[in-house]
Amino acid sequence: MSQDVHKGATALSVGEILKRLATVRIGRALEHYQVIDSTNRRAFEWAQEGAPDGSVVIAEEQTSGRGRLGRRWEAPAGAALLCSIVLRPTLTPAQAQRVTMITSLAAVEAIHRVANVRAEIKWPNDLVIAERKVGGILTELAMAGRNLGAVIVGVGINVTLDPAQLSEVRVPATSLWAEVGTGVCRQALLCEFLQGVDDRYQAMQAGWSPLEEWRSHLATLGTAVDVGTTEDVIRGIATDVDGDGALIVREATGVVHRILAGDVTLRGHRV
Ligand code: ATP
C-alpha cells in the first residue's frame, strides 16, 4: 500500500470500497486502475462494451486526464479522487446536463461530510472553494441514434495534491489538503460521493429534477461574468439558470443571453 505520510494519503482498496458501499446501482460494477490514460475514456469504452448502468472506473493516476474543450486535467499519482461513472438515464440529450448537476451536488456534499469544508459549483462544471478550483466534472454523451445510449460522467477532486505542482492552470487551484491542512481519506470521500450520486440518480429516474438543489449551490449566480464563445465575449451578470442548466446572462444594455455549457469559457470579473 503506497502512503504519503505527510498528507495521510493511502491507496484505494476495492475490497474495502465494496464492503463499505451501500448503493443500489452506482459502483456495483467497479474497475480500479493504478495508472490509466483517462477514466472517462475507459468508462466510455466500457459503456460501448455494454457496461451496466452505474458502472464505475477509478484510478490512482491519470496520464491523459481530460477536461472540457480538449483541455487537460492534471492528477499526480494518489493525489486526487479520479472516478468516472457510466449512467443510462431516461433523459433526452437536452436534459443531459442534469447528470452534471447530480454529480456536482454529490461531490459538494461528500467534500462537506468528509473534509468539513464548503465547496461551491462554478457553472457549468467546476468545484470551487473560495473561487479556487478544487475539482472538475466532465460529462460526455454516447449517443444511440438520436437518443442517449449512455452518459459518462467523470470527477476529479484534488485531495492531497499540492496546487503548486500543477503546470498549466488558468484559474487558481486548491486541494482539500491545502484547505483543511490535515489528511482527507480518499476512500471515505469516494464512498460518500458514490452514495450521493446513487441517491440522486434513483430520485431523478423517478422524476425528480435536481435543478433547485443545483441552483442553490451555484457560486456563479449574481456575479459579473465574461462568457467567452468562439466568436465573442459576452459581459454581464449571471442572473439564473434554466431547466436545461443553461446560464442566463444579462448585459448592462438589458440584452439577455441564454448560454449553453459545452463551448464557452466563463471568467468572473469585478464590477
Ligand atoms: P476553466 O475552469 O479554466 O475555465 P474549464 O472549466 O473549461 O476551464 P475543465 O474542463 O474543468 O476546464 O478543466 C481543464 C482546466 O482545468 C485546465 O485547462 C487547467 O487550467 C485546469 N486544471 C487542470 N488540472 C487541474 C487540477 N488538478 N486542479 C485544478 N485545475 C486544473
Side-chain angles (χ1 to χ4, degrees), residues 4 7 9 35-41 43-44 58-84 96-97 99-101 103-104 107-108 111 115 117 119-141 152-180 184 186 189 214 217-220 223-230 232-235 238 241 245-247 249 259-269:
D4 178 338
K7 301 172 194 162
V35 183
I36 197 165
D37 50 353
S38 147
T39 55
N40 254 41
R41 205 270 316 141
F44 204 99
I58 51 174
E60 304 290 337
E61 181 180 0
Q62 284 187 140
T63 52
S64 308
R66 309 210 285 236
R68 290 187 319 138
L69 311 171
R71 291 175 183 147
R72 234 173 94 69
W73 186 262
E74 292 185 58
L81 182 75
L82 302 169
C83 168
S84 294
Q97 174 79 359
V99 169
T100 313
M101 296 180 196
T103 310
S104 311
V108 163
I111 288 171
V117 58
E120 294 178 295
I121 302 165
K122 179 190 158 213
W123 185 92
N125 69 323
D126 288 347
L127 306 172
V128 296
I129 299 175
E131 295 183 26
R132 288 186 297 274
K133 194 154 153 180
V134 71
I137 310 278
L138 180 66
T139 303
E140 298 180 293
L141 310 184
I152 289 73
V153 63
V155 64
I157 300 175
N158 299 332
V159 180
T160 54
L161 180 141
D162 176 355
Q165 282 181 294
L166 297 174
S167 58
E168 43 171 84
V169 293
R170 291 165 304 123
V171 169
T174 190
S175 67
L176 298 181
W177 170 77
E179 294 297 323
V180 299
V184 171
R186 272 190 310 154
L189 190 67
W214 185 64
H217 287 271
L218 278 174
T220 313
T223 66
V225 293
D226 287 346
V227 183
T229 68
T230 40
D232 216 352
V233 175
I234 295 165
R235 176 167 279 211
V241 279
L247 188 69
V249 175
I259 315 283
L260 288 169
D263 53 358
V264 297
T265 300
L266 193 76
R267 292 279 172 269
H269 72 83

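Read the numbers this way: they start at 1 and go in the same order the structure lists the ligands and their atoms.
- Below 4.0 Å from some heavy atom of Arg68 lie the following atoms of ligand 1, by number and element: 5 (P), 6 (O), 7 (O), 9 (P), 10 (O).
- Atom 13 (O) of ligand 1 has its nearest heavy-atom neighbour, among Arg71, Arg132, Lys133, in Lys133.
- Residue contacts with ligand 1 do not include Gly136, since none of its heavy atoms lies under 4.0 Å from the ligand.
- The main-chain N or O of Ser64 is never found under 3.5 Å from a side-chain atom of Asp37 such that the two would form a donor-acceptor pair.
- The main-chain N or O of Asn40 is found under 3.5 Å from a side-chain atom of Ser84 such that the two form a donor-acceptor pair.
- For atom 14 (C) of ligand 1, the nearest non-hydrogen atom from the set Lys122, Arg72, Glu74, Gln165 belongs to Arg72.
- Contacts with ligand 1 closer than 4.0 Å are made by side-chain heavy atoms of Asn125 only, the backbone lying farther away.
- A donor-acceptor distance shorter than 3.5 angstrom exists from the side chain of Trp123 to the backbone of Gly245, with no hydrogens or angles considered.
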Inset, instruction - Start with the C-alpha distance between Thr39 and Gln62, add both sets of side-chain angles, then the distance that settles side chain to side chain donor-acceptor pair (under 3.5 Å), and finish with yes or no. - result: CA-CA 7 Å; Thr39 55; Gln62 284 187 140; 3.1 Å; yes
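- Under the 4.0 angstrom criterion for non-hydrogen atoms, Arg267 is in contact with ligand 1.
- When atom types are taken as modelled, the side chain of Lys133 and the backbone of Lys122 share no donor-acceptor pair closer than 3.5 angstrom.
- At distances below 3.5 Å, at least one donor-acceptor pair connects side-chain atoms of Glu74 with backbone N or O atoms of Ser167.
- The part of Asp126 lying near ligand 1 is the side chain, judged by heavy-atom distances below 4.0 Å.
- Distances below 4.0 Å separate heavy atoms of Asn158 from the following atoms of ligand 1: 26 (C), 27 (N), 28 (N), 29 (C).
- Under a 3.5 Å cut-off, the side chain of Asp126 and the backbone N or O of Val128 do not form any donor-acceptor pair.
- Within ligand 1, the atoms closer than 4.0 Å to a non-hydrogen atom of Ala173 are 29 (C), numbered from 1 in the order shown.
- Heavy atoms of Leu138 found under 4.0 angstrom from ligand 1: none, in either backbone or side chain.
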